[in-house]
Student: 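I'd like to ask you about the structure that follows.
Counting convention: from 1, in listed order, for ligands and their atoms alike. What you see is a predicted model; the values in this text were computed from it and never measured. Start at 1 with the first residue, then count along the sequence.
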Amino acid sequence: MSALRFDVIVIGSGPAGSAAATVAARAGLRVALLDKSAFPRDKLCGGAVSGRGERYLREIFDQSVTPGLFRSLTRVRLSHEGEGFGLIKDAPALHMTMRRSFDALLHAHAAKAGATVFAPVRVTRIEPGAPQIELDDGRVLQAPLLIGADGCNSATARALYGRPFDPADVAFALEVEPPRQRGKFGAVQVDLAAADWGYGWIFPKNDGITIGVGGLHRKNPDMKARMLAYLDRHVPADTARVALKGCKGAFLPAGVYRKVPGAGQVLLAGDAAGLVDPVTGEGIAWAMHSGRLAADACVAALQSGAPKSALRRYGRELAYLQHEIDRARMIQKMMFFGPGARTLVRNLVRKRAIQYTFLNILSGARDYQDIGAKTLINASLTYGKGWFQGAAGTAGRD
Ligand SMILES: Cc1cc2nc3c(=O)[nH]c(=O)nc-3n(C[C@H](O)[C@H](O)[C@H](O)COP(=O)(O)OP(=O)(O)OC[C@H]3O[C@@H](n4cnc5c(N)ncnc54)[C@H](O)[C@@H]3O)c2cc1C
């Protein structure tokens, strides 16, 4: 059987892959978009889309946060180990969605833009050198460029590096989605001490709620116990009982991005490149954005007749985002490093100004760059030089 030829092959049709395929197809490239699932499909996720995500959704997919698909919330309750700090009624909006519908919409956009869809399909072999992939039905696809947007457990990253990420370095989260609780939960809830190096959340949606607890995997070997404690504190007993039955877990590559996001003619985007905020766990917005940047780099590289230049172009454009992750890692260390950190966070989160700083980051109204200097100076004064040097380590991996 002769190989099917494309300009770009995109593996994975989550927010990163659908964005990459949409942008590349719209630019006139012949795009193959593959996913192991048929759409709609479920994806374990809080489904909180920030203002940042809203912007990328509009720019890339020409789609707004419509009430049918999203529930936009400005009411937030922050707490620390169950101790509440009052209801904030005017937080910058977070848009809550179910990934099943959201991802199906993005996937349909990519197909409409002209990408050739292969889904559901099983990739049996990825040859990264001169990119070629084989499917279990014997078909072979070839292209000068390959974008791996296949999530945290990326087969593309495995083909490049042997394994996507070390589980000890990434975050792990448990989630449940008890249905039809709208009346009980009218506000976003975040408990900043529900997990070590992580937090707990309640995200109300149009047709249910998502309750989760997540944090750095190696710091939370007992995540199920954390989840139980969180449910006990924040959820009525009847809801908690229903919730626990459907508890599921997944890894998030939070804060362990690839400094060089790919190799040769293979580019990694979204979770496959480790582009998740280590403090908030936000990954949807950066997945869409990095997918777009990867596609732009492929378009420019092919137009210039130098496919090998795509990775360098992409890496350059991704630098700001990687710096944001470095800054987030410093703030994360400030929040969780050392014996005094827990008390400090509890005291700080009582302050309205700090609450709004956190909410501005969570909702995408501000970047870490906007808050970094002042916060870090205050932190270094609080913790001293030793802490500051510890916090200043960066996250990227070669
Ligand atoms: C519990 C949890 C809660 C989260 N909550 C939030 C939140 O509220 N807000 C937020 O912004 N982020 C959240 N995140 C992070 C967010 O889910 C991810 O960052 C985001 O989904 C990354 O998008 P992606 O396109 O890179 O990967 P994915 O969304 O994982 O998509 C990857 C796609 O690749 C496909 N695929 C995988 N392997 C293969 C293969 N071998 N062959 C073909 N296809 C393949 C999959 O089927 C999937 O469709 C959460 C994550 C977790 C685990």
Student: Quick one: nearest non-hydrogen protein atom to atom 28 (P) of ligand 1, plus distance?
Tutor: Lys43 CE, 4.0 Å
Student: Regarding ligand 1, does Gly47 bring an N or O atom to under 3.5 Å of one of the ligand's N or O atoms?
Tutor: yes
Student: With under 30° as parallel and over 60° as perpendicular, where do the rings of Phe102 and Phe70 fit, or are they tilted in between?
Tutor: perpendicular
Student: Heavy atom under 4.0 Å from ligand 1: found in Phe203's side chain, backbone, both, or neither?
Tutor: side chain
Student: Look at atom 5 (N) of ligand 1 and find which of Pro15, Gly283, Gly46 reaches it with the closest heavy atom.
Tutor: Gly46
Student: Hey, are Ser13 and His107 close enough side-chain-wise for a donor-acceptor pair under 3.5 Å?
Tutor: yes
Student: Is Phe358 close to Val190 at the side-chain level, that is, under 4.5 Å between some pair of heavy atoms?
Tutor: yes
Student: To which protein heavy atom is atom 27 (O) of ligand 1 closest, and what is the distance rounded to 0.1 Å?
Tutor: Gly151 CA, 3.7 Å
Student: Are any of the N/O atoms in Glu282 less than 3.5 Å from those in ligand 1?
Tutor: no
Student: Evaluating non-hydrogen atoms only, which member of Cys152, Cys45, Ser37, Ala250 is closest to atom 6 (C) of ligand 1?
Tutor: Cys45
Student: Please state which protein non-hydrogen atom is closest to atom 34 (O) of ligand 1 and give its distance, to 0.1 Å?
Tutor: Gly12 CA, 3.2 Å
Student: Would you call the rings of Phe118 and Phe6 parallel, tilted or perpendicular, where under 30° means parallel and over 60° means perpendicular?
Tutor: perpendicular
Student: Any idea which protein heavy atom is nearest atom 16 (C) of ligand 1, and the distance to it?
Tutor: Arg99 NH1, 3.8 Å
Student: Would you kindly check if the NZ (Lys) or CZ (Arg) of Arg258 is within the cone defined by 45 degrees around the ring axis of Tyr161 and under 6.0 Å from the six-membered ring centre?
Tutor: yes
Student: Counting only heavy atoms, which portion of Leu252 has something under 4.0 Å from ligand 1: side chain, backbone, both, or neither?
Tutor: side chain
Student: Do you know which of Leu318, Asp271, Ile325 makes side chain to side chain contact (heavy atoms under 4.5 Å, CB included) with Trp286?
Tutor: Ile325
Student: Pick one of side chain, backbone, both or neither for how Glu175 approaches ligand 1, counting any non-hydrogen atom pair under 4.0 Å.
Tutor: side chain
Student: Would you mind finding which of Ala48, Gly14, Ala19, Ala16 brings a heavy atom closest to atom 9 (N) of ligand 1?
Tutor: Ala48
Student: If you measure every N or O of Ile11 against every N or O of ligand 1, does any of those distances drop under 3.5 Å?
Tutor: no
Student: Closest by any non-hydrogen atom to atom 35 (C) of ligand 1: pick that one out of Val276, Asp35, Leu94.
Tutor: Asp35
Student: Step by step, work out the ring pair (Phe, Tyr, Trp, His ring centres under 6.0 Å) result for Phe85 and His80.
Tutor: CA-CA 8 Å; Phe85 304 112; His80 192 275; 7.1 Å; no
Student: Please determine whether any non-hydrogen atom of Arg122 lies less than 4.0 Å from an atom of ligand 1.
Tutor: no
Student: Does at least one non-hydrogen atom of Gly214 fall below 4.0 angstrom from an atom of ligand 1?
Tutor: no
Student: Using heavy atoms and a 4.0 Å limit, tell me yes or no: is Ala149 in contact with ligand 1?
Tutor: yes
Student: Name the option, out of Val121, Leu362, Asp150, that contains the heavy atom nearest to atom 39 (C) of ligand 1.
Tutor: Asp150
Student: What is the nearest protein non-hydrogen atom to atom 41 (N) of ligand 1, stated with its residue, atom name and distance?
Tutor: Ala155 CB, 3.8 Å
Student: Judged by atom type as modelled, is there a donor-acceptor pair below 3.5 Å linking the side chain of Lys205 to the main-chain atoms of Gly46?
Tutor: yes
Student: For the pair Asn206 (side chain) and Gly68 (backbone), establish whether a donor and an acceptor sit closer than 3.5 Å, ignoring hydrogens and angles.
Tutor: yes
Student: Please state which option from Asp277, Asp271, Leu33 has its nearest heavy atom closest to atom 22 (C) of ligand 1.
Tutor: Asp271
Student: Any side-chain to backbone donor/acceptor pair from Asp196 onto Leu216? Under 3.5 Å, distance only.
Tutor: no
Student: Could you tell me whether ligand 1 has any atom less than 4.0 Å away from a heavy atom of Met288?
Tutor: no
